[in-house]
Q: 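What follows is a single structure, and I will ask about it in a moment.
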There are 2 protein chains.
Amino acid sequence: MHPGWEALGDPSRLAIVQRLAERPRAVGELADELPISRPAVSQHLKVLKGAGLVVDQALGTRRVYRLSPVGLAALRDQLDTFWRRALDGYQDVVEETEESS
Amino acid sequence: MHPGWEALGDPSRLAIVQRLAERPRAVGELADELPISRPAVSQHLKVLKGAGLVVDQALGTRRVYRLSPVGLAALRDQLDTFWRRALDGYQDVVEETEESS
DNA sequence: CACGAACGTAAGCTACGACTTACGGCTGCT
DNA sequence: AGCAGCCGTAAGTCGTAGCTTACGTTCGTG
């Protein structure tokens, strides 16, 4: 149960998510397309799995990973909240910014 | 402008964004509520500004920061794309090697 | 005009995370 | 049964992000 945002913070993990968005892939497939080794991909997938962003499935001797809709929706909703709150205080440029008296 | 996701990857920066979602704040205000020093907050705000997630406004001797709707919308849209693509390959659990049973 | 408040930047240190190599565990062929 | 392909984990190295202290700058106020 990691924060979730830290999972996407790393460029390699973001690259993995982008590849998995196209289609589910095995660990070796991802390692071939990325400039990092296969163990590195495994470690990243462990983080992504801990964050609930991906799910894995044993398929023969391979392990196929794909994106988890629920995990992605959680982040999207939180980001959507930020976006809405940003629109609220958008027009009142200068208003109340004092506290102590 | 640069990473975008790396900006939100840091816990301190995420905390800043959450505070700015409530209302615009000055640098000193944020530093008082966070367990880090004021220069640290400035450095984080510089990253967030570079990512287009916040905008600043000089107000007297203080600098008021608030969230940028456009920057947040960009990340949200990309995350929303991931979410939709995740739903596509959700029901076809086994894609390959499902010919023979 | 001088002082203080608020902020950004420079310099430096420390800790953590990302990566590699090496190893062991499964699974599925022949 | 034995071998080969895939994968996760351990151990260790190294770069860098994040933090602090110190300093310079700007703006407002007496």
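Chain A is the first sequence line, chain B the second, and so forth, proteins listed ahead of strands; every chain is numbered from 1.
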Q: Report the distance from atom CG of B:Asp10 to atom P of C:dA15, rounded to the nearest whole Å.
A: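 The distance from CG of B:Asp10 to P of C:dA15 comes to 17 Å, rounded to the nearest Å.
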Q: Please confirm whether the backbone N or O of B:Glu6 pairs with a side-chain atom of B:Arg13, one donor and one acceptor, at under 3.5 Å?
A: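 Yes, the answer is positive, given that a donor and an acceptor are paired below the 3.5 Å cut-off.
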Q: Separation of B:Leu8 atom CG from D:dA17 atom P, in whole Å?
A: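 Going from B:Leu8 (CG) to D:dA17 (P), I get 16 Å.
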Q: Can you tell me if A:Ser12 touches the phosphate of C:dC19, counting only side-chain N or O atoms and a distance under 4.0 Å to OP1 or OP2?
A: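 Looking at the OP1 and OP2 atoms of C:dC19, one of them is under 4.0 Å from a side-chain N or O of A:Ser12.
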Q: Taking the minimum atom-to-atom distance to the side chain of A:Ile36, which one of C:dA18, D:dG18, C:dT20 wins?
A: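 Selected nucleotide (nearest to the side chain): C:dT20.
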Q: Quick one: B:Lys49 NZ to C:dG8 C1', roughly how many Å, whole number?
A: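 Roughly 11 Å, once rounded to whole Å.
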Q: Check nucleotides 1-10 of chain D against the protein and report each pair of N or O atoms closer than 3.5 Å, with its distance, or say if there are none.
A:
unit_1	atom_1	unit_2	atom_2	d
D:dG5	N2	A:Thr61	OG1	3.4
D:dC6	O4'	A:Thr61	OG1	3.1
D:dC7	OP1	A:Val27	N	3.3
D:dC7	OP1	A:Arg63	N	3.4
D:dC7	OP2	A:Gly28	N	2.8
D:dG8	OP1	A:Tyr65	OH	2.6
D:dG8	OP2	A:Ser42	OG	2.4
D:dG8	N7	A:Arg38	NH1	3.2
D:dG8	O6	A:Arg38	NH2	3.1

Q: Checking B:Asp56 now: which residues fulfil side chain to side chain donor-acceptor pair (under 3.5 Å) with it, not counting sequence neighbours?
A: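 For B:Asp56 the side chain to side chain donor-acceptor pair (under 3.5 Å) partners, ignoring immediate neighbours, are B:Lys49, B:Arg63.
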Q: Could you tell me whether A:Arg19 and A:Glu33 have a side-chain N and a carboxylate O separated by less than 4.0 Å?
A: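 Judged by the 4.0 Å cut-off on N to carboxylate O distance, A:Arg19 and A:Glu33 do form a salt bridge.
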Q: Taking CG from B:Leu34 and P from D:dG18, how many angstroms apart are they, rounded to a whole number?
A: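 Computing the B:Leu34:CG to D:dG18:P distance gives 14 Å.
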Q: Can you measure B:Leu48 atom CG to C:dG8 atom C1' for me and round it to whole angstrom units?
A: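 Going from CG in B:Leu48 over to C1' in C:dG8 covers 15 Å.
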Q: A side-chain contact here means heavy atoms from C-beta on lying under 4.5 Å apart; do B:Tyr65 and B:Gln57 qualify?
A: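 When only atoms from C-beta onward are counted, B:Gln57 and B:Tyr65 do not touch, as no gap falls below 4.5 Å.
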Q: Between C1' on C:dA6 and CG on B:Leu59, what's the gap in Å once rounded to a whole number?
A: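 So the two atoms are 12 Å apart, to the nearest Å.
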Q: So, are B:Glu29 and B:Arg23 salt-bridged, with charged N and O less than 4.0 Å apart?
A: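 Yes, this pair counts.
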Q: What I want to find out is whether B:Asp88 reaches B:Arg84 closely enough, with some N-O distance under 4.0 Å, to be called a salt bridge.
A: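 So B:Asp88 does not pair with B:Arg84 through a salt bridge.
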